[in-house]
Protein chains: 4
Amino acid sequence: MKDTLIDGRARRAEAKRRARREEILTAAQRAFSKRGYHATSISDVIDAAGISRGTFYLYFDGKDALFLDLIELFAQHIMRVIEVVDPGGPDPTGQIYQNIRRVVDVVFDHRDLAVVAFRETVGLDQSVDSKLNKLYGFLREMIEGALLKGASWGIIRQVNARIVTTALIGGIREVFYQYLVVDPVTYPDREAVAMSLFEFAVKGLLP
Amino acid sequence: MKDTLIDGRARRAEAKRRARREEILTAAQRAFSKRGYHATSISDVIDAAGISRGTFYLYFDGKDALFLDLIELFAQHIMRVIEVVDPGGPDPTGQIYQNIRRVVDVVFDHRDLAVVAFRETVGLDQSVDSKLNKLYGFLREMIEGALLKGASWGIIRQVNARIVTTALIGGIREVFYQYLVVDPVTYPDREAVAMSLFEFAVKGLLP
Amino acid sequence: MKDTLIDGRARRAEAKRRARREEILTAAQRAFSKRGYHATSISDVIDAAGISRGTFYLYFDGKDALFLDLIELFAQHIMRVIEVVDPGGPDPTGQIYQNIRRVVDVVFDHRDLAVVAFRETVGLDQSVDSKLNKLYGFLREMIEGALLKGASWGIIRQVNARIVTTALIGGIREVFYQYLVVDPVTYPDREAVAMSLFEFAVKGLLP
Amino acid sequence: MKDTLIDGRARRAEAKRRARREEILTAAQRAFSKRGYHATSISDVIDAAGISRGTFYLYFDGKDALFLDLIELFAQHIMRVIEVVDPGGPDPTGQIYQNIRRVVDVVFDHRDLAVVAFRETVGLDQSVDSKLNKLYGFLREMIEGALLKGASWGIIRQVNARIVTTALIGGIREVFYQYLVVDPVTYPDREAVAMSLFEFAVKGLLP
DNA sequence: CATGAATGAGTGTTCATTCAT
DNA sequence: AATGAATGAACACTCATTCAT
């Protein structure tokens, strides 16, 4: 009886703690996405989160750790929805499209987070770099593998897979950045964005 | 007589001033490209330039203004080599390739400057943004115009010109960034880089 | 009947409370002796004591008060074993030696506590000062009294009792500090330490 | 002509710089001696010195470095006036007395500095420790050497040189501390202080 | 023109203490 | 009685910018 009481308390405390952490992460996303990592101070974050200075350091080891968590979070979101394309399976290009479509969803469902991840280029910091590189390395591997396999199956052209992979990532990144930051559209036609990216990536410009 | 003397002096002084300014800009390129805008201090720049603190502020209004000048410089370099593609002229795709080829030259001839421009994403600052947007707007216009014209001439497919333009710029940018920062190659095969970018942009992935 | 019940409860509660207090004091001794007053945080103390933050403030008014209690504790230990030397009694110098011997025992039986008291010099804080001064004042009085009485009985030389007392205290303190902190010996030969201190204090350097 | 002008300027600048540094050191002595290392903030120091925050860091690497400099300064003062006692020379005990007398002068001529050095016990910090240990090691060596040599010449008693040396240093330290902090005397009778210390150290208490 | 000493607002971080549960 | 999440004042330190020389 008492144990369940204690457990209940502990559970509630744990839930509250998690919720608070989430709140801070959300506030940080907004703050970082608005002004970038360097220009955002801890004061900005705690003001946005409505907490005190000390409380922030109760939940995060520091500014770097917070930022790292955000990058990690975004990387997980993206990596969760990417599926290896099977060129021998049914409708391989359809599989590619579905991957793009799901990434579009992740990005527009987590706008601030996506902006944070896209805004800062590699080169910020050792540990941030490694997180970003983990994400980009993952994407790279997926895409490059698909390109090579697709070429061997005769589904796509022989191309310099490395360069094309890089270009694809950059292209997709830029399109999102445009939609999210430079010229934000509240409710973008996700289908259209995905289709455009897909066509650009797959069909090229020649008629 | 005295006027010519003064003019001579003034001219010499002006030349010296310009040379000094150039030196600072060059030093700043190296500094910013190595560590990024935020991590580079004015001390880094003046140490690299071999000038005193005060002198720096004699030539530039401040850190932001210096950075702005660098962006402006790069934008001019790029904008100078881009030529409007005439779909009715001889070998229109060749014209596109030549544009890409010339951009490749600019980037690899001004590595530090290019890194500075590519490293910091839009969003640093109001005025930096406007400079970068001017550059990107220019590129955008060129490419988008070519796409639309090309489509109307039946040379290229009907695509969402806006999105594809953005993707192209992002793709090119990313490829350069990879070559310049992440995995730098001292003497890249410019021809090969240009050709890969060209093929990727124009031919797409389908066989 | 109910009263005795209440009394029993109260007594048991009081005992528990005292035990808890003791535990915290012991943990604090270890913590303070290891890292000094300033470098030791309340977190260090409560971690060492295995209690929660709030509990600590239930037993002590704060960090200063805790420290004060430790100093007080040490002062009591020392003051308990010092006995007034009777120059007219049997073997007066033996009495001095026995005092030193007992102090040696107290110090080595309460190493951590001794280190705490010796480490921080007078000047930390108003109230800490007064506690330390109480201890030193007591020692001072004992020693100075013995010196004066001894001189009047012709047992010891005429000296500036105030200065010599101070020097004696400092000398003893330093020797202990050396043994406890700088060059700690797990099982020092207490007899030898006491004898050295005694000879130094009493016999001087002349042959 | 111009060179001498430049040299003159540089010399004046250098002199001014040195003077400023001295001012800060003096202010820091007062501040640290009043409240101790930990309780003294950089704000205290710069307020006392009448300079701005930034200026402080122009002259010192930080709080630790400043403190280190003070300890070093005191160590040099002391070490400069200590002379090796030659037991075969004229009046060996007189030589000891002269050493003590000179140390008394140094201490009372640099009260604040002496308090800073005496207040903080070994254990503050790695580098501070090493500086303090250098000073104490030096004193230790001087005194221990004199004790051993003196004993071999039959001038002083056979004693445990290590312990006695420690006790002497502690005794002297405490006496100074008393005069400087606990019960400060504006114009102490330096001769009397030196003589008391000397008698205590050399003659002991027996008649 | 050129200098570099001086400035002070701003940064990320710590920690003794409080108080609702 | 016991807890530990929350607080915010305080800290050491940085750096873009100014200005007397």
Side-chain angles (χ1 to χ4, degrees), chain A residues 5-6 8-10 12-14 16-17 20-21 38-46 49-67, chain B residues 13 16-17 20 38-46 50-67, chain C residues 13 16-17 20 38-46 50-67, chain D residues 5-6 8-10 12-14 16-17 20-21 38-46 50-66:
Chain A
L5 193 77
I6 287 172
R9 260 194 212 161
R12 234 178 312 139
E14 178 61 25
K16 204 174 160 192
R17 194 181 156 73
R20 188 76 118 158
R21 204 167 188 280
H38 282 106
T40 303
S41 70
I42 292 293
S43 293
D44 292 333
V45 174
I46 64 176
I51 57 169
S52 77
R53 240 176 167 59
T55 301
F56 170 76
Y57 285 92
L58 232 49
Y59 288 88
F60 295 92
D61 277 348
K63 194 185 177 186
D64 280 18
L66 167 65
F67 188 72
Chain B
K16 204 175 157 192
R17 191 179 159 75
R20 189 79 114 158
H38 283 106
T40 303
S41 67
I42 293 293
S43 292
D44 293 331
V45 174
I46 65 175
I51 57 168
S52 77
R53 241 175 166 62
T55 302
F56 170 78
Y57 284 91
L58 242 43
Y59 288 88
F60 295 92
D61 277 349
K63 196 185 178 184
D64 281 14
L66 167 65
F67 188 73
Chain C
K16 203 175 156 193
R17 190 179 160 77
R20 188 81 114 158
H38 282 106
T40 302
S41 68
I42 293 293
S43 292
D44 293 331
V45 174
I46 65 175
I51 57 168
S52 78
R53 243 178 164 60
T55 301
F56 170 77
Y57 284 91
L58 241 44
Y59 287 88
F60 295 91
D61 277 349
K63 195 183 178 185
D64 282 15
L66 167 65
F67 188 73
Chain D
L5 193 77
I6 287 172
R9 262 194 211 161
R12 235 176 311 138
E14 178 60 26
K16 204 175 161 191
R17 194 181 155 74
R20 189 76 118 156
R21 203 167 188 282
H38 281 107
T40 303
S41 70
I42 293 294
S43 293
D44 293 332
V45 174
I46 65 177
I51 57 170
S52 77
R53 239 173 169 61
T55 300
F56 169 76
Y57 286 93
L58 233 48
Y59 288 88
F60 295 92
D61 277 348
K63 195 184 176 185
D64 280 17
L66 167 65

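Small disclaimer: the values here were computed from a predicted structure and weren't measured. Residue numbers start from 1 in every chain, and the chains themselves are labelled A, B, ... in the order their sequence lines are given, proteins ahead of strands.
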Residue pair B/G50/A/D44 against DNA chain E: nearer the 5' end by closest nucleotide is B/G50
Assert: residue with more 5' nearest nucleotide on DNA chain E, out of D/L58 and B/R20, is B/R20
Do C/I51 and C/R20 pass the side-chain contact (heavy atoms from CB on, under 4.5 Å) test, and can you show the C-alpha distance, the side-chain angles, and the key distance before you say yes or no? CA-CA 9 Å; C/I51 57 168; C/R20 188 81 114 158; 3.6 Å; yes
Nearest heavy-atom contact between C/T40 and C/K63 is O-NZ, 2.8 Å
Separation between OG (B/S43) and CD1 (B/I46), nearest 0.5 Å, reads 5.0 Å
CG (D/L58) and CZ (D/R21) are apart, to the nearest 0.5 Å, by 11.5 Å
The dot-bracket string of DNA chain F, counting Watson-Crick and G-U wobble pairs with both distances under 3.5 Å, using [ ] for crossing pairs and | for pairs to another strand, is .||||||||||||||||||||
Separation of E/dA2 atom P from B/F60 atom CZ, nearest Å, is 13 Å
Rounded to whole Å, the CD1-C1' distance (C/I46 to F/dG4) equals 9 Å
**OP:** Name the nucleic acid region contacted by B/Y59, choosing base, sugar-phosphate or nothing; use a 4.0 angstrom heavy-atom cut-off, strictly under.
**Re:** sugar-phosphate
Letter by letter from the 5' end, nucleotides 15-21 of chain E scores (B base, S sugar-phosphate only, - none; protein heavy atoms under 4.0 Å) BBBB---
For C/Y59, the ring-ring contact (aromatic ring centres under 6.0 Å, His included) test, sequence neighbours excluded, returns none
